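Comments concern the structure below.
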Amino acid sequence: MFLRRVASKLKPVPKSRFFSSSDSTHDISKVIAELNQEMEYVFGEPPASGPTGSSNNQTPISQESHLSTSDATKKDPFTRLTHIGSKGEAQMVDISPKEITKRVAIASCKVILGRKVFDLVSANQMEKGDVLGVAKIAGICGAKQTSNLIPLCHNINLSHVHLDLKLNPRDLSVEIQGEAVSTGKTGVEMEALTAVSIAGLTVYDMCKAGSKDIQITDIRLEHKSGGKSGDWSRS
């Protein structure tokens, strides 16, 4: 049926008019318009993004999403998670293009003991011995094992690790501060955070016989320096 309609529309055009008259162009355009109407009648209207639509002025959604992400990344490089690959998979960051600089990171945490345990630690009367001394050594060892504990951390050479543990009678706690230093292509924030975390866990282990209510709180980065992002301090 459709082919019959097409054939009926395609009337022969006289040769004398085909090349010489503008009417022939008008007739052909009219036939094409009528054929388009017939096709729309049979098949329905074409989608807006098709060849006859206005998609030339539109940007595909996926492209818009990509462009907006790229623009955001250019404006703020920290919006991109470096441990996430292009397909969303976990990855270890390639640090080979980075420059070698001195890296320093300082982290801290607090272990709230309570009155009973605080007094025992202050008097060095805990059954397991010197709580602060053992926790300090444990924190240093923890910093050196960071890449074994955190899957995507690089195995770096630490030039210095220092921990400072102080008793605070105001809130009956142990305040822990740790510093990690390295000269290399990646930062040492995780090493400093691991150091104070392991030291805090060691304080808990040394004191848990005296109380199960001990809390390890406020594990956080206080300062970092070196690398492309430069210096940063919490204060």
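If you're wondering where the values come from, they're calculated on a predicted model, not measured in any experiment. Positions are given from 1 along the sequence.
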With sequence neighbours excluded, residues passing salt bridge (Lys or Arg N to Asp or Glu O under 4.0 Å) with Asp119 =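 Counting only residues at least two positions away or on another chain, Asp119 forms a salt bridge (Lys or Arg N to Asp or Glu O under 4.0 Å) with Arg115.
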key: Any residue meeting salt bridge (Lys or Arg N to Asp or Glu O under 4.0 Å) with Asp218, in chain and number order, not counting sequence neighbours   = none
Would the distance check show the side chain of [X] and the main-chain N or O of [Y] forming a donor-acceptor pair, the cut-off being under 3.5 Å?
X      : Y      : answer
Thr101 : Gly227 : yes
Ser182 : Asn157 : yes
Lys208 : Asp213 : no
Ser159 : Val181 : yes
Arg103 : Lys185 : yes
Lys110 : Ile112 : no
His162 : Ala180 : no

Does atom [atom1] of [X] have more than 12 heavy-atom neighbours, drawn from other residues, nucleotides or ligands, at distances under 6.0 Å?
X      : atom1 : result
Asn155 : CG    : no
Lys228 : NZ    : no
Asp231 : CG    : yes

task = Begin with the C-alpha distance, continue with both residues' side-chain angles, and end with the deciding distance and a verdict on side-chain contact (heavy atoms from CB on, under 4.5 Å) for Arg220 and Ser108.
result = CA-CA 6 Å; Arg220 61 189 190 183; Ser108 66; 3.9 Å; yes
query = Going by the salt bridge (charged side-chain N to carboxylate O under 4.0 Å, His left out) test, which pairs reach into residues 124-153, not counting sequence neighbours?
reply = Lys128-Asp205
